[in-house]
2 protein chains.
Amino acid sequence: MMYLTPQKRALGAVFERASRPLTPPEICEEARKELPTLGLATVYRAIKQFLAEGQIRAVEVPGAAPHYESAARHHHHFFVCCECKRLFDLIGCVRGVQSLAPQGFRVRQHEIVLYGECAACANQEGAL
Amino acid sequence: MMYLTPQKRALGAVFERASRPLTPPEICEEARKELPTLGLATVYRAIKQFLAEGQIRAVEVPGAAPHYESAARHHHHFFVCCECKRLFDLIGCVRGVQSLAPQGFRVRQHEIVLYGECAACANQEGAL
DNA sequence: CTCAATTTGAGATTTGACTCTCACTTTCTA
DNA sequence: TAGAAAGTGAGAGTCAAATCTCAAATTGAG
């Protein structure tokens, strides 16, 4: 039996209004605006539960700490700006990714990450 | 000045004959077949040197420890087995990945990672 | 309401990956 | 070949992320 607590409600709300994937500390900080005493352990506990329920999804990008986002957002990939380190959502996906797997392999998921410079950083280039 | 030691020779050979990216402990274990006293610290030291020389490349895959492979192997992507945690090479690439980026973004690199079960683990499934 | 089951916060602990230290050994230039 | 520079192994140390502990507080079925 799982109790519905203000902590979980607040954490759930954070995921719902987030416009990008967040790290556990970011999630904690954000939820503290509503519940200032919220502990990081509780954040990790909630993440684990939410993941198990399929309410949120882990976004793991090489070279960055794990981020989490609402599972309601649909399948998408990321662009990592090598200059400013921000993550951007990519719109759309590529067909045929699964066919890269060898015979007999079962593909459950895939991630595509592009690395480079975002529009803002690419523009400043001359200035560097 | 860098000395050429049996340890580095053995570690270099491990990278040359590896058919998939390896983790430092895997590299250590493999090299110990030749030099049984080889320490993990030496593996890390060699990895750092080989990386600096461009002899090997880091393969950072979300949800897995860093792996390393010979830089001589060309552009390819990976399959991560969620059961046994091993990495496998994918043959080929997908066209059109770069076009996912928004206007004005400069794409330098991309990574594609498939997750699932490798042929061996997919087969054992009934037994679990 | 009552109260057993569950959850919480805070800090301690664990974990995992990696680096450092140090005494000893090896490499290779001069 | 002498010896300075570089490398080695083993274990201790580091660091950050994640988990555990436990007393106190909360939840919600009955």
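Only heavy atoms go into these numbers, but all of them, side chains included; no hydrogens, no water, no symmetry mates. Chain letters run A, B, ... following the sequence lines, proteins first, then strands; residues in each count from 1.
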Approximate separation, where rounding is to 0.5 Å, of A:His77 NE2 and B:Leu100 CG: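 These two atoms lie 7.5 Å from each other.
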Which distance, rounded to the nearest 0.5 Å, do you find between the CZ of B:Phe50 and the OH of B:Tyr68?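 One finds 13.0 Å between CZ of B:Phe50 and OH of B:Tyr68.
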When you get a sec, tell me which of [options] is the closest nucleotide to the side chain of [X]?
{"X": "A:Arg45", "options": "C:dG9, C:dC18, C:dT27", "result": "C:dG9"}
{"X": "A:Arg32", "options": "C:dC20, C:dA10, D:dT27", "result": "C:dA10"}
{"X": "B:Pro6", "options": "D:dG28, D:dT27, C:dT27", "result": "C:dT27"}
{"X": "B:Pro24", "options": "C:dT6, D:dA10, C:dC18", "result": "C:dC18"}
{"X": "B:Tyr3", "options": "D:dA10, D:dG28, D:dA4", "result": "D:dA4"}
{"X": "B:Gln49", "options": "C:dG11, D:dG7, D:dA18", "result": "D:dG7"}

DNA chain C: A:Lys8 or B:Pro66, which has the more 5' nearest nucleotide?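 By nearest-heavy-atom nucleotide position, the 5'-most residue is A:Lys8.
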Which residue, B:Tyr68 or B:Met2, contacts DNA chain C at a nucleotide closer to its 5' end, judged by nearest heavy atom?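 Checking each residue's closest nucleotide, the 5'-ward one belongs to B:Tyr68.
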In whole angstroms, how far is the [atom2] atom of [N] from the [atom1] atom of [X]?
{"X": "A:Met1", "N": "D:dT26", "atom1": "CE", "atom2": "C1'", "answer": "13 Å"}
{"X": "A:Leu4", "N": "C:dT8", "atom1": "CG", "atom2": "P", "answer": "10 Å"}
{"X": "B:Glu26", "N": "C:dC18", "atom1": "CD", "atom2": "P", "answer": "12 Å"}
{"X": "B:Leu35", "N": "D:dA10", "atom1": "CG", "atom2": "P", "answer": "12 Å"}
{"X": "A:Ile27", "N": "D:dA18", "atom1": "CD1", "atom2": "P", "answer": "10 Å"}
{"X": "B:His67", "N": "C:dA17", "atom1": "NE2", "atom2": "P", "answer": "10 Å"}
{"X": "A:Ile47", "N": "D:dA18", "atom1": "CD1", "atom2": "P", "answer": "8 Å"}

Measuring to OP1 and OP2 of [N], would you say a side-chain N or O of [X] lies under 4.0 angstrom away?
{"X": "B:Tyr44", "N": "C:dC18", "result": "yes"}
{"X": "A:Gln7", "N": "C:dG9", "result": "yes"}
{"X": "A:Thr5", "N": "C:dT8", "result": "yes"}

Classify A:Pro25 by what it touches in the nucleic acid, base, sugar-phosphate, or nothing, heavy-atom distance under 4.0 Å.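 Contact class for A:Pro25: none.
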Quick one: label A:Leu40 by what it contacts on the DNA or RNA (base, sugar-phosphate, nothing), any heavy atom closer than 4.0 Å.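 Here A:Leu40 touches no strand at all.
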For the residue pair A:Ile27 and A:Glu29, establish whether any side-chain heavy-atom pair is separated by less than 4.5 Å.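 No, their side chains stay 4.5 Å or more apart.
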Do B:Arg73 side-chain atoms and B:Glu16 backbone N/O form a donor-acceptor pair below 3.5 Å?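 Not a single qualifying donor-acceptor pair exists.
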Determine whether A:Ile112 and B:Phe105 fall in the same hydrophobic cluster, where Ile, Leu, Val, Met, Phe, Trp and Tyr are linked whenever their side-chain heavy atoms lie under 4.5 Å apart.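 Hydrophobic grouping puts A:Ile112 with B:Phe105.
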Closest nucleotide of DNA chain D for B:Gly39 versus for A:Arg9: which of these residues is on the 5' side?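 Looking at the nearest nucleotide for each, B:Gly39 comes out on the 5' side.
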Out of the candidates B:Val43, B:Val14, B:Leu11, B:Leu38, only one should pair with B:Glu30 under the side-chain contact (heavy atoms from CB on, under 4.5 Å) rule; please name it.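 Testing B:Glu30 for a side-chain contact (heavy atoms from CB on, under 4.5 Å) against B:Val43, B:Val14, B:Leu11, B:Leu38 leaves exactly one candidate, B:Val14.
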